[in-house]
Amino acid sequence: MALVGVSGRRAGCYCLRAVRSPLQVPALQLHISKTAMGACQKDFESAVNQVKLLKKDPGNEVKLKLYALYKQATEGACNTPKPGLFDLINKAKWDAWNALGNLPKETARQNYVDLVSGLRSSSDSSSQVKPEADKKRAGYDTLVITSEDCITKIMLNRPAKKNALTTQMYREIMLALEAASKDDSTITVFTGNGDYYSSGNDLTNFTDIPPGGIEEKAKNSAILLRDFVDCFIDFPKPLVAVVNGPAVGISVTILGLFDLVYASDRATFHTPFSHLGQTPEGCSSYTFPKIMGPAKAVEMLIFGKKLTAGEAYAQGLVTEVFPDSTFQKEVWTRLKAYSKLPQNAMHISKQIIRNHEKEKLHAINAEESRILQERWLSDECMNAVMDFFSRKAKL
Ligand SMILES: CCCCCCCCCCC/C=C/C(=O)SCCNC(=O)CCNC(=O)[C@H](O)C(C)(C)COP(=O)(O)OP(=O)(O)OC[C@H]1O[C@@H](n2cnc3c(N)ncnc32)[C@H](O)[C@@H]1OP(=O)(O)O
């Protein structure tokens, strides 16, 4: 589901329009609470108005920032009850506001003004919309989502970073899954843009620490992780991974929750959790031993053994391996044929196959996330993340 839709271009401008109870950046509502009055009140009001005139959708992450700063500037620290687990949009908004902690109202107001000013300059310099950009479904910055032949394709789109998953990306994926679960497609496909499927969690997620400190970040990240994996556990339609290249970390573990995994012979499967001072997630502590037996699961999840596509197939993690040269052609031909099968029969079959394990998987997911919350604060984990960044710095 797009958070904000593009309603059309008037006089060369994109008009932002709310779609299905979106984030509703309060700036778009032109409602300024009296509590926002103060030193830079005029600038703030003007920034609120300028948001309406942006020529380009700023994307969900920015809209969340705008929302959070507006609320902080007008109401102060987050003071509302946390929305429920499945209220994804309101929860994302609440998380963004809550992450600002006790940031003073004046600072929030100034930050809002600065953020809008930055958006205006980048919007002005890129007002020439490229035809390519029109193809992307609005509202997603890190994914390219297309629906064709009854297949919704969710493509991770940070090829320069090997499709490493930022917190924004986790959130966008959850929204994309929610939308795909309700659209007309019969099957949903995940793949990566570029030479990697995904290098797993973006390690910069560890460096972006909010005013509330690392403990708060770890707590919020554990919730994000649990919600993210829950979406895969509950996804109602056949879910297919088209693993176009190497896969690392969480992009491997959640494969145990997919219904088909097609891999290029260039793909590898690597879960270096111990090396990172971390522990398994994505329900892999349960699905991997079940799929490949405990001995092979331990080699991957504890000792970080990297599997080739052929090995992953032999262990049952991968459904079929294709030569890289014909991978896309063969896989999409196959999927197009599958997508024409009767939709209800496929969905009901998935339910029968998966439903009896759901409760267990949710419990395992909650436990894995709880354990990781502690791990992220450990010296082992912090040192491993620092090692990654110092290796990069030396290059
Ligand atoms: C306080 C708590 C906060 C926690 C928040 C957590 C939220 C939920 C977490 C869920 C748990 C998930 C766990 C995992 O997924 S563990 C696996 C994590 N991934 C890795 O350890 C891989 C790290 N990357 C690499 O080892 C190499 O980059 C790789 C082998 C993938 C590719 O090597 P290669 O030499 O071919 O390419 P580069 O290294 O030059 O990569 C190109 C650029 O991309 C950047 N990059 C790649 N992967 C990542 C990544 N995972 N995180 C951050 N950045 C990544 C790389 O730095 C290069 O960037 P520059 O061009 O800017 O140098």
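Both counts, for ligands and for their atoms, begin at 1 and track the order of listing. In this text the structure is predicted, and so the values were computed from the model without any measurement.
Taking distance alone, with nitrogen or oxygen atoms compared against 3.5 Å, Ile250 approaches ligand 1 more closely than that limit. At a 3.5 angstrom cut-off on N or O pairs, Gly249 does not count as close to ligand 1. Between Glu281 and ligand 1, no pair of N/O atoms sits closer than 3.5 Å.
A salt bridge is defined here as a Lys NZ or Arg NE, NH1 or NH2 lying under 4.0 Å from an Asp or Glu carboxylate O, and Asp195 with Lys162 meets this definition. Checked for salt-bridge contact, Arg334 and Glu320 meet the test: a charged N lies under 4.0 Å from a carboxylate O. Asp202 has no carboxylate O lying under 4.0 Å from a charged side-chain N of Lys161, or vice versa, which leaves the two without a salt bridge. Looking at Glu215 and Lys219, no side-chain N of the basic residue comes within less than 4.0 Å of a carboxylate O on the acidic one, giving no salt bridge.
Short contacts between ligand 1 and Asn205, defined as distances under 4.0 Å to a heavy atom of the residue, involve ligand atoms 3 (C), 5 (C). Those atoms of ligand 1 with a heavy atom of Gly200 less than 4.0 angstrom away are 15 (O). Here is the list of ligand 1 atoms found below 4.0 Å of a heavy atom in Leu225: 10 (C). Annotation for ligand 1: atoms under 4.0 Å from non-hydrogen atoms of Ala160 are 42 (C), 43 (C), 44 (O). Taking every heavy atom of Tyr196 and a limit of under 4.0 angstrom, the matching atoms of ligand 1 come to 29 (C), 30 (C), 31 (C), 32 (C). Using a 4.0 Å cut-off to heavy atoms of Ser199, the atoms of ligand 1 that qualify are 18 (C), 19 (N), 20 (C), 22 (C), 31 (C), 47 (C), 48 (N), 49 (C), 50 (C), 51 (N). Heavy-atom proximity to Ala164, at under 4.0 Å, picks out these atoms of ligand 1: 49 (C), 50 (C), 51 (N), 52 (N).
Residue-environment remark: NZ (Lys296) stays at or below the threshold of 12 foreign heavy atoms within 6.0 Å.
Remark: the backbone N or O of Ile250 is not paired with any side-chain donor or acceptor of Asn201 at under 3.5 angstrom.
Closest heavy-atom approach to atom 16 (S) of ligand 1 within the set Ile214, Ile223, Leu276: this belongs to Leu276. Nearest-heavy-atom check against atom 38 (P) of ligand 1 across Lys217, Lys219, His275, Lys162 picks out Lys162. Nearest-residue assignment for atom 62 (O) of ligand 1 (options Arg226, Glu368, Lys161, Arg375; heavy-atom criterion): Lys161.
Residue contacts with ligand 1: Phe228 is excluded, as none of its non-hydrogen atoms falls under 4.0 Å.
Smallest separation of non-hydrogen atoms from Ser284 and Leu301: O-CD1, 3.5 Å.
Two residues are said to be in side-chain contact when any heavy atoms from C-beta on lie closer than 4.5 Å; Leu66 and Leu115 meet this criterion.
In this structure Phe258 satisfies the ring-ring contact (aromatic ring centres under 6.0 Å, His included) test together with Phe190, Phe232, sequence neighbours excluded.
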